Amino acid sequence: MSRIVLAMSGGVDSSVAAHLLRAAGHDVVGVFMRHGETVETACGSRESEKGSRESGDGSREREADAGAETARSSASSFRLPVISARADHKQGCCSASDAADARRVADRLEIPFYAIDMSAEFGRIIDYFVSEYQSARTPNPCVMCNNWLKFGKLFEYADSIGAEFVATGHYARIESGDRAMDGTPTMTLRRGLDASKDQSYVLFGVDRQCLPRMMLPVGGYRKAEIRDLARQIGLRVAEKKDSQEICFVNSGEHAEFVRRRGARPSSAGEIVLTDGTVVGHHEGLESFTIGQRKGLGIAFGEPRYVVRLESDSRRVVIGTRDELRRMSLTAHLANWLVEPPTAPRRCLAQIRYNSRAVPATLEPTSAHSFQVQFDEPQNGVAPGQAVVCYSDDRVLGGGWIE
């Protein structure tokens with residue numbers, strides 16, 4: 001069978017993915033990506049002065065460089081703090097406690113496990129996150145993590161240890177598609193079987209050439225089935241909550257994070273109506289996103305929403321639901337997982353991770369940009385977010401909303 005590098009987050013999905021791959025006879029190498037960011041925790045530290053360093057339950061954790069050494073070689077160990085609780089009670093995907101959970105699963109399934117220091121690469125994602133907010137755009141760091149790390153850097157690591165595939169616990173499916181012009185089969189990215197957990201949206205940006213080397217073992221299951229499997233094989237993470245927050249930011253504190261990490265001066269300014277009437281002031285554009293209704297600090301007789309953020313004037317423009325609606329959008333930095341379209345075509349367009357894909361027409365305007373015309377007006381079209389286009393459940397591709 002194949003050697004596979006599996007990104008293990010310590011959650012139930014990637015843990016069961018490890019079991020499924022192992023049960024199929026594959027040679028699985030578990031990898032945890034350390035981002036190096038320190039977030040507030042309520043923790044202590046037990047550290048041995050010499051010899052091997054051990055995590056809380058005494059098991060050894062190995063750290064491998066993503067360079068030339070093989071997955072089976074001995075690697076230097078690193079220290080995990082003993083976590084009692086996250087101070088913000090956040091469920092993340094890259095914390096020390098998550099690393100410990102991933103290691104325990106690997107031990108249970110008897111697969112090699114390595115923690116790779118990707119703090120430099122995560123630094124690029126953090127810089128993007130901060131820059132986008134300071135430019136009055138709404139970033140999506142999870143998409144960038146998939147593009148740059150999970151299906152970027154991990155392929156380099158896979159190559160270094162002779163692995164044919166990279167796998168994750170995403171709820172999406174890789175399937176054979178139509179044959180290419182030269183007769184070779186093509187691979188397609190499709191929605192996960194469990195529509196309520198589908199994560200194909202955040203995978204639109206992977207390189208099309210990577211699809212034949214990607215494996216998504218849990219995409220053909222429903223979440224309840226994955227938890228049942230975890231219980232059946234005795235994994236402690238069976239009841240672990242899903243990751244729902246940005247892994248490098250304390251829950252609910254992204255605006256403060258941007259202010260602290262940003263190199264630019266304050267983006268504080270005025271809150272105005274669409275006619276320019278000043279109705280208040282705000283502490284920074286990073287606290288707002290298009291479509292936001294709560295947290296405006298201003299009361300009106302009818303609901304008001306953020307309809308526009310102005311980077312130059314630092315103004316937050318608010319208006320009615322009708323003023324929020326958009327019939328079209330323009331996207332750039334397009335990435336296509338099918339042959340790039342050269343003419344208008346019908347599709348289903350999704351503008352947020354948790355939004356519904358709606359009927360639309362996409363029209364390419366250049367090799368790297370396109371327009372989307374919705375059949376019905378849509379709320380919350382936010383610059384900086386991704387628009388992903390589908391044909392039924394197949395991902396065609398997408399781009400970043402301007």
Side-chain angles (χ1 to χ4, degrees), residues 4-24 26 28-35 39 41-43 54-63 78-116 118 142 145-146 149-150 154 166-172 192-194 196-199 202 215-248 251:
I4 301 167
V5 168
L6 170 66
M8 297 185 69
S9 66
V12 65
D13 301 322
S14 60
S15 298
V16 173
H19 161 72
L20 292 171
L21 293 171
R22 191 82 170 86
H26 295 296
V28 182
V29 178
V31 171
F32 181 88
M33 298 184 298
R34 296 169 57 205
H35 60 54
V39 287
T41 56
C43 65
E54 298 180 345
S55 57
D57 63 357
S59 299
R60 295 187 61 186
E61 178 83 82
R62 294 166 291 177
E63 177 180 12
F78 76 95
R79 178 77 184 98
L80 288 178
V82 181
I83 301 295
S84 58
R86 274 290 301 269
D88 61 357
H89 305 291
K90 166 186 164 183
Q91 293 295 325
C93 64
C94 305
S95 70
S97 59
D98 295 317
D101 285 340
R103 175 194 26 77
R104 279 190 288 266
V105 170
D107 287 347
R108 173 74 174 76
L109 299 177
E110 298 182 336
I111 63 174
F113 176 72
Y114 297 89
I116 302 179
M118 288 194 174
C142 294
C145 181
N146 291 322
L149 302 187
K150 292 178 182 174
L154 276 192
V166 170
T168 69
H170 283 98
Y171 282 86
L193 181 67
D194 190 335
S196 67
K197 295 296 181 180
D198 171 57
Q199 294 174 300
V202 298
M215 298 186 76
L216 305 172
V218 306
Y221 293 82
R222 300 189 183 280
K223 183 74 177 196
E225 294 174 311
I226 293 300
R227 290 200 183 277
D228 284 343
L229 272 172
R231 295 185 194 102
Q232 290 170 22
I233 60 178
L235 298 184
R236 292 171 50 179
V237 296
E239 309 304 330
K240 188 174 181 179
K241 293 181 180 179
D242 292 342
S243 172
Q244 297 178 338
E245 303 289 348
I246 299 170
C247 62
F248 52 82
S251 180

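Note that the coordinates shown come from a computational prediction; the quantities given were computed from them, not determined experimentally.
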Are V237 and V105 close enough that some pair of their side-chain heavy atoms sits under 4.5 Å apart?
yes
Salt bridge (Lys or Arg N to Asp or Glu O under 4.0 Å) filter on R22, not counting sequence neighbours, yields none
For D198, enumerate each residue passing the salt bridge (Lys or Arg N to Asp or Glu O under 4.0 Å) test, keeping only those at least two apart in sequence or located in another chain.
R191
Checking A18 now: which residues fulfil side-chain contact (heavy atoms from CB on, under 4.5 Å) with it, not counting sequence neighbours?
L6, M8, L109, I111
Is any side-chain N of the basic residue among D98 and R103 closer than 4.0 Å to the acidic one's carboxylate O?
no
With side-chain contact (heavy atoms from CB on, under 4.5 Å) as the criterion, how do V218 and K223 come out once you've worked through the C-alpha distance, each side chain's angles and the decisive distance to 0.1 Å?
CA-CA 8 Å; V218 306; K223 183 74 177 196; over 6 Å; no
Backbone N or O of G169 within a donor-acceptor pair of the S14 side chain at under 3.5 Å?
no
Can you tell me if D194 and Y221 form a side-chain donor-acceptor pair at under 3.5 Å?
no
Are D13 and K197 ion-paired here, with the side-chain N under 4.0 Å from a carboxylate O?
no
Please evaluate residues M215 and H26 with respect to the criterion side-chain contact (heavy atoms from CB on, under 4.5 Å), reporting the C-alpha separation (whole Å), side-chain torsions for both, the decisive distance (0.1 Å), and the verdict.
CA-CA 12 Å; M215 298 186 76; H26 295 296; 4.1 Å; yes
d(D242 CG, S9 OG) to nearest 0.5 Å is 9.5 Å
Sequence neighbours excluded, the answer for side-chain contact (heavy atoms from CB on, under 4.5 Å) partners of A238 is A230, R231
How about H170 and N146: do any of their side-chain heavy atoms sit closer than 4.5 Å?
yes
side-chain contact (heavy atoms from CB on, under 4.5 Å) partners for A172, two or more places apart
L189, S200, L203, L216
Test side-chain contact (heavy atoms from CB on, under 4.5 Å) applied to V29 and F113, step by step
CA-CA 6 Å; V29 178; F113 176 72; over 6 Å; no
Does any part of the side chain of R34, heavy atoms only, come nearer than 4.5 Å to the side chain of I116, both counted from C-beta?
no
Minimum heavy-atom separation for L20 and P217, please, with both atom names.
CD1-O, 3.7 Å
Those residues that, when tested against D101, pass salt bridge (Lys or Arg N to Asp or Glu O under 4.0 Å) (two or more places apart):
R104, K240
Residues V12, L235; criterion side-chain contact (heavy atoms from CB on, under 4.5 Å); working and verdict
CA-CA 8 Å; V12 65; L235 298 184; over 6 Å; no
